[in-house]
Amino acid sequence: SPHPSINKPNPTTTPTKYNEAECWHMAEPLGVGQHHPGLCAIPHQRDDETRHPQPDQQSLWRSHVTLVVRRTARRQGNNNDDDDDQHHKEMVATLQHLRKQYSKQAASSTNNGITNSATPSKKDPPPLNAGQRLATGGSGNTTSAPRRLSLRQQKPQKQKVIDTNDERESQMNTRISRSIHGANNFVARRRDIYKRAGRLSQWAFRGVGYLYTHHGIVLSGMLPDSEEIHPGRNVVQIYDVNTPHRTDCHLLTIWVRVNGPEIFAGSAKAVKKPQVDSCYWEFSFDLSLPGEYSVDAKLLTWNGSAEGNDPNNMPIRKGKDVPWTKYPHHASIIGFKMYDPPHSCCEACSRTPGCVYWSSPALHFDHKWGCEFYFNSSDEELLAPFQYYTPDIQKQYVTQELRNKTNHHGTPHSNPMTYFMGCGWNFYLSGVSQCEHPLDDSVYIAGHKFRLDDPVATPNLRPERNLPSCDLEQHESLNGRWVREEYPSALTCPREMDNRKEIYSRLKHHNLLMFETSNPHCWFRDDLSTLGTRCFVSGCGTNKKYIWRSALAEEKQWHGMWKNYACDYVELTNKQLQQCIDQRKIVSIQTRGKSVAAYTNEYLQQRLSHVKFFDAEASGTPKEETLNVTLDTFGAPHLMWHNSSAEWRREFQEYPSPKPFEENFYAEAMYFVSEREPFCTAPRAQMINRDMEDILVPKGFKKLSTFDMSSAFSFDSATQMDGLHIIGPPLRMVITKLFHYICKDHMYPDPAKVATWRE
């Protein structure tokens with residue numbers, strides 16, 4: 001850690017040890033005098049505490065900010081519950097209306113095409129909707145009941161249908177009610193953890209605490225009814241159960257993943273219903289394989305795109321002439337891998353309520369990754385989070401010696417602002433206020449598991465069906481999903497470790513298996529438990545304790561591949577790859593970019609180490625008749641960090657087109673679940689990917705889609721758990737796609753013969 005005070009426990013408090021496995025899905029409301037047994041207990045709230053909290057910007061710093069679980073259970077001796085009950089009834093009615101609207105829309109659709117998950121492309125086929133009603137999810141059970149016949153499969157009498165529908169309506173109301181209570185209880189438990197740790201003033205920095213304090217949002221995810229899960233299109237819906245009549249859902253980025261025999265991941269889509277003046281979030285996915293699935297959702301950013309932001313247009317001044325006497329109240333912070341302190345400090349101050357001036361580096365820490373924040377007032381409510389952070393520092397008169405440290409300073413900027421609320425790496429919050437627990441940025445989802453038991457799957461969604469070879473222009477913009485496969489035996493795929501130090505520098509600690517010469521499908525094995533767990537920078541070890549990793553990261557025998565719904569990617573043996581290189585007279589295949597390109601290159605070199613490039617000199621072949629292949633990342637995270645969208649578009653426009661003897665591919669920016677550097681967020685990654693496609697593809701560059709593909713592993717296979725440098729299965733698929741598009745049209749004139757390559 002850069003300094004020992006980060007997350008230094010308050011000596012007067014004893015942190016509570018929560019059994020989250022038991023507490024996570026608790027959905028029962030608390031009444032006065034009631035409490036849950038054991039470590040899940042929530043302190044009983046006073047009757048005079050706020051019942052309907054509203055967003056309050058300054059309350060980020062107030063230690064008395066409270067969240068009271070709305071109670072609808074009967075309570076003796078309490079006559080002040082009418083407002084709570086009325087609010088609850090309004091919430092249930094609103095959610096009922098939204099879900100009925102969805103049911104009508106789904107019932108009017110037909111199963112007539114291939115669908116795509118998460119973030120549909122403008123080239124996607126029309127959605128495939130099934131006639132289903134999306135119920136609110138389970139009541140906390142982790143295992144769904146066996147599949148039963150739905151109403152439309154039975155032939156009851158008319159009165160029987162009415163009774164059954166009434167019963168189902170009652171069940172839906174009950175599930176909505178329990179979902180509301182569970183979500184509020186979950187947020188209350190998160191706040192209580194901070195209170196017990198003596199960090200209540202920092203609760204609103206991250207996760208559900210930030211979202212509730214600043215925007216009045218309490219989220220609850222609702223799964224499809226276990227009786228109506230079916231092959232084809234299914235939807236997870238997420239609602240704000242505190243303030244349902246809102247229209248700003250598009251500003252919140254929520255990562256969602258459905259993990260089972262198939263894995264779907266991406267951002268939940270904001271959906272607006274004009275007829276009720278409200279919005280909510282949906283994540284759609286297309287099931288084809290039976291089995292158990294779990295659903296997770298994590299909070300990432302508010303206004304993550306901040307399209308008008310310009311990192312190069314900030315009020316930054318050089319020198320030491322800070323108006324010291326004007327701002328006597330100040331606090332020191334140290335950032336986390338803050339490589340560009342002036343711009344980072346300006347952005348951090350702009351996001352901090354009450355901060356009216358900043359300087360760099362920090363005055364009271366001997367470290368270049370630091371900032372000094374200045375306030376107009378000595379209000380303890382504003383300074384409380386920083387007093388916890390640096391309790392021994394006296395923030396009074398600044399000596400001349402300290403003043404001489406300053407080299408940059410300025411006021412907050414007035415550009416549109418992003419706020420990263422997740423528990424992942426953040427350029428300043430990882431030093432100031434880490435999450436107290438990895439669940440602090442989670443969305444409450446009752447039950448969180450479901451099961452597809454129907455053995456009859458939709459034929460056009462089955463992954464093993466015969467599909468055409470993927471075409472770059474026709475298929476690469478379509479979505480797919482990860483498909484798990486049984487881990488092969490050592491007889492089928494030998495388990496020889498690849499320890500060649502001359503090839504690997506960045507991946508040498510990740511237990512790579514040797515590429516199997518004759519069976520390229522063996523390459524898609526991984527020990528996910530080793531990916532991204534080692535730290536190489538100061539502070540990483542402390543930070544990673546509070547970053548969420550799912551059960552996926554515990555899999556020592558992962559075997560799976562990204563599959564497009566409409567086509568297949570060819571997996572080349574070393575012999576086939578050599579034949580392609582010789583026929584196309586390829587003299588080089590290289591990566592270009594920065595750190596992401598460097599990781600990609602090591603997977604590339606693992607494959608290229610078994611083949612030889614075409615020797616143009618020995619054969620006397622002119623340069624114009626050979627081929628140089630480049631896979632570029634354009635250093636996308638660095639462009640996002642240092643430039644506005646207008647500036648990176650101008651840079652793409654100035655890129656020269658590939659020459660006739662060059663074939664230039666580029667990989668999209670991946671799905672980031674951190675803000676390791678300012679402005680490096682998932683929404684801005686989508687922006688730069690869109691601009692690359694619009695500008696570079698017409699120049700002759702060839703796009704490899706990686707954004708959606710990487711989202712499933714953003715939390716579980718990023719190096720140092722930094723949420724940006726994603727390795728493992730996504731990078732193997734990038735190389736597989738690269739070789740596929742280089743070779744598929746030049747090995748066999750007849751595309752139908754591509755299917756014989758695996759034989």
Which of these, Thr626, Asn628, Thr630, sits in a side chain to side chain donor-acceptor pair (under 3.5 Å) with Ser588?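 Answer to the side chain to side chain donor-acceptor pair (under 3.5 Å) test with Ser588 among Thr626, Asn628, Thr630: Asn628.
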Side chains of Gln578 and Asp582 only: does a donor on one sit below 3.5 Å from an acceptor on the other?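 Their side chains do contain a donor-acceptor pair, which is all the 3.5 Å distance test asks for.
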Distance only, no hydrogens: is a donor on one side chain within 3.5 Å (strictly under) of an acceptor on the other, for Gln605 and Asn601?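 The answer is yes; a qualifying pair exists.
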Please check if the distance between the ring centroids of Phe634 and Phe701 is under 6.0 Å.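 So the answer is yes for these two rings.
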From Asp296, Leu552, Asp716, residue fulfilling side-chain contact (heavy atoms from CB on, under 4.5 Å) relative to Asn259: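 Passing option: Leu552.
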Return yes if some donor-acceptor pair links the side-chain N/O of [X] with the main-chain N/O of [Y] below 3.5 Å, else return no.
| X | Y | answer |
| --- | --- | --- |
| Arg584 | Ile742 | yes |
| Ser477 | Glu473 | no |
| Thr681 | Gly304 | yes |
| Lys702 | Leu472 | no |
| Glu693 | Lys703 | no |
| Ser717 | Ile727 | yes |
| Glu677 | Pro637 | no |
| Ser711 | Ala265 | yes |
| His448 | Ser294 | no |
| Asp745 | Tyr741 | no |

Would Thr301 and Thr253 satisfy side-chain hydrogen bond (donor to acceptor under 3.5 Å, both in side chains), going step by step from the backbone distance to the final call? CA-CA 5 Å; Thr301 59; Thr253 303; 3.0 Å; yes
Less than 4.5 Å apart, any side-chain heavy atom of [X] and any of [Y]?
| X | Y | result |
| --- | --- | --- |
| Thr517 | Thr573 | no |
| Asn234 | Leu452 | no |
| Phe336 | Arg676 | no |
| Phe739 | Val629 | no |
| Glu496 | Glu516 | no |
| Lys556 | Asp527 | yes |
| Trp558 | Trp482 | yes |
| Val295 | Phe450 | yes |

Go through Ser442 and Lys298 one step at a time and tell me if the side chain to side chain contact (heavy atoms under 4.5 Å, CB included) criterion holds. CA-CA 5 Å; Ser442 294; Lys298 305 290 281 186; 2.9 Å; yes
Please report the shortest heavy-atom distance between [X] and [Y], naming the atom on each side.
| X | Y | answer |
| --- | --- | --- |
| Arg684 | Trp648 | NH2-CZ3, 3.3 Å |
| Gly723 | Ala718 | N-CB, 3.4 Å |
| His725 | Ser595 | NE2-OG, 2.6 Å |
| Glu262 | Leu289 | OE1-N, 3.0 Å |
| Leu738 | Ile589 | CD2-CG2, 4.2 Å |
| Thr706 | Ala669 | OG1-O, 4.2 Å |

With side chain to side chain contact (heavy atoms under 4.5 Å, CB included) as the test, would you mind laying out the steps for Ile688 and Phe652 before giving the verdict? CA-CA 10 Å; Ile688 199 169; Phe652 293 148; 3.9 Å; yes
Separation between [atom1] of [X] and [atom2] of [Y], rounded to the nearest 0.5 Å:
| X | Y | atom1 | atom2 | value |
| --- | --- | --- | --- | --- |
| Glu485 | Arg525 | CD | CZ | 12.5 Å |
| Glu668 | Thr633 | CD | OG1 | 12.5 Å |
| Met561 | Trp523 | CE | CH2 | 10.5 Å |
| Asp722 | Trp425 | CG | CH2 | 5.0 Å |
| Glu571 | His740 | CD | NE2 | 11.0 Å |
| Met421 | Asp440 | CE | CG | 13.0 Å |

Salt bridge between Glu476 and Lys737, side-chain N to carboxylate O under 4.0 Å?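 Lys737 and Glu476: salt-bridged.
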Charged N to carboxylate O below 4.0 Å: is that the case for Glu555 and Arg484?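 A salt bridge is present here (some side-chain N lies under 4.0 Å from a carboxylate O).
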If you count the non-hydrogen atoms of other residues, nucleotides and ligands that lie under 6.0 Å from NZ in Lys659, is the total more than 12?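 Open: at most 12 neighbouring heavy atoms sit under 6.0 Å from NZ of Lys659.
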Derivation and outcome, side chain to side chain contact (heavy atoms under 4.5 Å, CB included), residues Val596 and Leu724: CA-CA 9 Å; Val596 174; Leu724 188 150; 4.3 Å; yes
Decide side-chain hydrogen bond (donor to acceptor under 3.5 Å, both in side chains) for Arg549 and Thr533; before the verdict, give the C-alpha distance in whole Å, the side-chain angles of both, and the deciding distance to 0.1 Å. CA-CA 10 Å; Arg549 296 190 90 197; Thr533 57; 5.4 Å; no
When the ring planes of [X] and [Y] are compared, do they come out parallel, tilted or perpendicular, using 30° and 60° as the limits?
| X | Y | value |
| --- | --- | --- |
| Phe264 | Phe285 | tilted |
| Phe515 | His610 | tilted |
| Phe707 | Tyr671 | tilted |

Given Trp281 and Val256, is the side chain to side chain contact (heavy atoms under 4.5 Å, CB included) satisfied, shown in steps? CA-CA 11 Å; Trp281 298 264; Val256 181; over 6 Å; no
Is it the case that Arg481 places NZ or CZ above or below the six-membered ring of Tyr565, under 6.0 angstrom from the centre and within 45 degrees of the axis?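 Yes, Arg481 and Tyr565 form such a contact.
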Is the terminal nitrogen or CZ of Arg732 (NZ for Lys, CZ for Arg) located under 6.0 angstrom from the six-membered ring centre of Phe524 and within 45° of that ring's axis?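 Output no; distance or angle outside limits.
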